Amino acid sequence: MNPFSYARVTTPPAAVAARTQQPGSYFLAGGTNLVDLLKRGVVVPEKLVDITRLPLTAIEATPTGLRIGALAKNSTVADHELVRRQFPLLSQALNAGASAQLRNMATVGGNMLQRTRCAYFYDTSLPCNKRVPVQAGPDKGQPNGPTGCGALGGYNRMHAIFGADAGVAAPKCIAVHPSDMCVALAALEATVVVVGPKGERRIAFRDFHRLPGDNPRQDTTLGADELITAVEVPANELAAHSTYLKVRDRASYAFALVSVAAGLQLEGTTIRQARLAMGGVAHKPWRLFEAEQFLRGKPATLATFQQAATLAMKGAKGYGENDFKLTLAPNSLVEALTLATTPA
Amino acid sequence: MDINPKNQPVDRVDGRQKVTGSAKYFAEFALPRTAYCVIVGSTIARGTLDQLDTKRAAAAPGVLGVFTHLNMPAIPGWDAPVGGQADGPPPQPTAETYRILRGTKILFDGQPIAMVVADTFERATYAASLVKATYTRQTPKTDLNKHLAAAIAPSIPWMKDYSRGQAEAYKTAPVVLEADYVVPTEVHNPMEMHGILAQWTSPTSLLLYAKTQGVNATQRAMAQAFKLDPRNVKVHTEFMGGGFGMGLRTWPQETAVVAIARQLGRPVKLVMTRSQMFQLVGYRPHTRQTIRMGADATGKLVGLVHEATAETATYEDFTEGTVNMSKFLYACPSMQTRYRLVRLDRGVPIWMRGPGEATGAFALESAMDEMAHKLHLDPLEFRLRNYSETDPEHNRPYSSKNLREAYERGAAAIGWRNRPATPGSQREGEWLVGYGMSTGTFNAMRWQATVRVVLQADGSLLVQSAVTDIGPGTGTALTIIAHNVLGVPLDRIKVQYGDTSLPPAPTQGGSAIVSTVGSAVFDTCSAVKQTLVELATRPGAPLAGHQAEELALADGQLFVEAKLATQVAVAELLRQNQLASIDKTTESKGGPEQQKYSFYSYSVHFVRVRVNPRTGVVRVTKTVSVADSGRIISPKTAASQMIGGVAGGIGMALTEEAVLDHRFGRYVNNNLADYHVAVHADVPEIETITIDKPDYLLNPMGAKGMGEIALIGFAAAVANAVFNATGRRVRELPITLDKLLAVS
Ligand SMILES: Cc1cc2nc3c(=O)[nH]c(=O)nc-3n(C[C@H](O)[C@H](O)[C@H](O)COP(=O)(O)OP(=O)(O)OC[C@H]3O[C@@H](n4cnc5c(N)ncnc54)[C@H](O)[C@@H]3O)c2cc1C
Ligand code: SF4
């Protein structure tokens, strides 16, 4: 960890201003990811802007749904009465993440902006295309470790099967976004509210995270000096038939190999509406638009689910150690749909 | 005598200290002017260090020294060959030599290239980040699978090839199994970080707070390294946050800290990082095994061959007992073992709980299950048909063996009769259900130890031994032994341990400590008792005329067993004789009977699993582990030992693997988020059973060890249960879900 300056802000405009003034500065929320990145020398900042005192912790009903402050703790959101009742998918996804201690520290905004867990990204002696140059100290402007994608041809058990090659001849990065919460928010079609030097902006969740393409350094479409202030979740009819299934290497405290957020609206046994997203498979929470469309109007049967799973896998590609996800992902989707439609 | 007639379940004597934080671990000791050392490790696994820029580090705030191959103070004793080994068979030095911070040759990833010392830990950490190195990189050899052809036979007598009966007899049998089994590299990963705090209290004397499983061994190693009188090297390790084997030797970086402390003239503390715990303090070596087994139609083994090939460093041959249990566990007339090593660009391994036997048991006990399946026999029945009544390796009787009873009790407790005879045929909802079992065994040993016992005039008792308690509850067991021999109430007994100022004891390991140090406590307390009896029965004394055999001790009273009213308080007896205390120190070890019998502890593990047919997720839903480890001295901590073994066994079976990227020879999951030990949610209801029958041939208490057997065999039981649930045989640990996908 390098020496850096530290400032605590108490209003969103002050937060934005602090960051605009000094490139190479970072917002510090729960710190559960950022502090690790500092310790490993992956992030070498000029300054940390502590935003934990911002008044952005409220969780409140709105005429169209629910608004969750960016600094609400993951555990608070997961246990909130309104969230549990209206969006059990979100509650389940949050509780499937990390450990109780981490959830007590982690914030909604920080969760959305947590970095990938790719081992090469965290080890500055190994190649990676995602790390940015050093931003402070005598090495400022120097590359922070070798470039290239270490995971290609290496340890990529956790890595992407979708979207890494979109828009490029060969993938530059096959990392996945590790969040559970975001997979649920993608399925729930949330909106991200952000504020920047030019004022407030709203970003549809599906446009918030991005695919690596030519620029794997960039995880999201958030501007460098923008602050997330809230997430809005629109009301829906999915609560009765929704499941967050997280498949992982141990029963708790492990990132998803594959996760599925499934929300269905049923009329009898007919599917009226389906919202599906997968985690652990792409650089962003991966919506299964085609499968959703296919399910609409179909009977909720195993055969339907299997067909949807086949559709969902279009364009999937393994990179060696993660080839098993080509089987695990469709199987997990079928399992999640089965659980979502099985009476408790 | 029966060592614990009431089977008293005594709470861990240091439990309160541990949970309230008053137990002090090595890193918590504070000495005035302590400086902090941080290691900079190589980022390549093979090659040479070309340039090392330490200027910025040296100029950073608070830095007291940056030690590299250019300025590392000499370690005088290291000019002679050293294994650095605590106790037991040392790893054999090879033609290659590794000496920390000497020369520029890089032999493994993480090899220290600099040790940075500053006035605070944070400043040392920061300065360490400023050290910049350039290397000439050579392609590292770290993948056992790719270098099997380079396997060598270790030149160590006790690892030589073994054969009895006819060579390769298995081939002649009507039913033959040949299969390969793989155990990956695993890392001990105790909670407490490794390290040392060193202070030179004079130019020729040393005080160390260490994380070692043997204070006397560390004392000897440091005395040798610095050419000191061992009596002038004091080592303290009262508490340890888990050892699991990594504290079984003195590691080079600890010795380096001592040298640096001398150079700087102030105490120096090293606390390693979690990722350095993967690189610098050993691991369970990646091992490939082949079992070839032949059986006849009646289910009798005809021949068995067990071969193992394990990774080691280029600079030391580390060996362990991987193939040992195959030699005696089953009555098989013809059997051969071969043990090989592949020297790789890796740090050297070290024993990890269960050590080689846990690796070997995975192969042998999986193969037994596979063979039973081929023979259409119940795997438990198959084992019983090959039960060895005497030790076929040494042709001598077992000192005791109650394995048959262990099988029976375990089978009853898990509900073995519910095991589906056909794999993949039982379901619970959509989940597949299966049952598996296995056997574990480990040497039951007794070494030599000295113990001091002081019975004070106020009736309280002090017991002293240098032995460490790495977690199993040694202090508790020793308290119970003293209590039962001398009748001193539990709360009036103080056991002091973990310091070289106390009478010497062997290193905690090999499941031999209760047997060794416990017996020394027993013998010394017995000597104290004899003195008491003499005092009490002398002419004119309160119990004059009574014989020693008539007397017993309890609640601080010496009394005539047949006539309870005839008694004298121990404290009173001492006062009458104007004695401040009875103070005895004795050395104690096993006798000649140790050559006449074979001594082993046994375990049997039964597990029940559920497997999700769509995702391949395995959940262990119930386990029963039975220990045949002689008389149980401390029922509570014994059960805890077994519970810990099962939790570790679930990790070994399902989740643990230290992954290297062989292109770089570097770990890619060297932290507790990515290296998966089992968490609570992975660990189901654990039932533990002890056979609890004394083996007086081993020691006067009849107790054998149980630390290793709690783990040995467990992984095979899980693999066997997974086979029973799914019909899928996984021969490579850990059994991750990708190995089971699409089992429906
Ligand atoms: C061992 C471990 C296991 C974990 N397991 C899981 C898991 O299974 N599933 C899972 O989903 N997560 C897991 N996590 C990740 C955890 O959820 C994230 O670390 C956490 O959500 C980040 O939140 P934070 O508030 O601590 O963010 P910080 O670490 O403070 O910040 C993260 C990033 O977000 C930026 N940031 C924070 N808030 C804002 C804002 N309002 N506006 C703009 N930028 C902002 C920061 O500048 C920083 O770049 C795990 C983490 C650890 C350490
Ligand atoms: S997958 Fe992405 S994060 Fe990982 S090494 Fe490749 S570029 Fe870096």
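Keep in mind it's a predicted model, so treat the numbers as computed, not measured. Order of the sequence lines fixes the chain letters, A, B, ..., with proteins taken first and strands second; residue numbering starts at 1 for each chain.
Taking NE2 of B:H680 as the start and OG of A:S99 as the end, the distance is 11.5 Å to the nearest 0.5 Å. How far CG of A:L126 is from CZ of B:R663: 8.5 Å, rounded to the nearest 0.5 Å. The structure places CG of B:L741 at 11.5 Å from CG of A:D323, a figure rounded to the nearest 0.5 Å. Taking CZ of A:R40 as the start and OG of B:S129 as the end, the distance is 13.0 Å to the nearest 0.5 Å.
With hydrogens and angles ignored, the 3.5 Å screen pairs no side-chain donor or acceptor of A:N331 with any backbone N or O of B:T615. Side-chain atoms of B:R614 never come within 3.5 Å of backbone atoms of A:P330 as a donor-acceptor pair (strictly under, hydrogens ignored). In terms of modelled atom types and a separation under 3.5 Å, the side chain of A:R250 and the main chain of B:V677 share a donor-acceptor contact.
Under the 4.0 Å criterion applied to side-chain N and carboxylate O atoms, A:D139 and B:R56 are assigned as salt-bridge partners.
In summary, the side chains of A:Y122 and B:N671 do not present any donor paired with an acceptor at a separation below 3.5 Å, with no hydrogens or angles considered.
Side-chain contact check for B:D738 versus A:E321: every heavy-atom pair is 4.5 Å or farther apart. For the pair A:K39 and B:T125, the minimum side-chain heavy-atom distance is 4.5 Å or more. Side-chain contact between B:L737 and A:F324 is present, with at least one heavy-atom pair separated by less than 4.5 Å. A heavy-atom distance below 4.5 Å is not found between the side chains of A:Y155 and B:L660.
Residue A:R248 touches chain B through its backbone alone, counting heavy-atom pairs closer than 4.5 Å. Only the side chain of A:T338 comes within contact range of chain B, with heavy atoms under 4.5 Å apart. With a 4.5 Å cut-off on non-hydrogen atoms, B:E122 does not touch chain A at all. Contact of B:I650 with chain A is not made at all, since no heavy-atom distance falls under 4.5 Å. Of the two parts of B:V668, the backbone and the side chain both hold a non-hydrogen atom closer than 4.5 Å to a non-hydrogen atom of chain A. Within the 4.5 angstrom heavy-atom criterion, atoms from both the backbone and the side chain of A:P3 approach chain B. Proximity to chain B is limited to the side chain of A:D123, based on heavy atoms less than 4.5 angstrom apart.
Surrounding NZ of B:K132 are more than 12 heavy atoms belonging to other residues, nucleotides or ligands, all under 6.0 Å away. In this structure, B:K141 places its NZ atom where only 12 or fewer heavy-atom neighbours from other residues, nucleotides or ligands lie under 6.0 Å away.
Ranked by heavy-atom pairs shorter than 4.5 Å toward chain B, the options A:G153, A:S332, A:A254 are led by A:G153. Note: A:D249 leads A:V247, A:V258, A:D249 in heavy-atom pairs under 4.5 Å with chain B. Contact count versus chain B (heavy atoms, under 4.5 Å) is highest, among A:G41, A:P138, A:A98, A:G137, for A:P138.
The two residues A:S252 and B:A681 make their nearest non-hydrogen contact at CB-CB, 3.8 Å. Here the closest heavy-atom approach between residue A:S125 and residue B:R666 is recorded as OG-NE, 3.1 Å.
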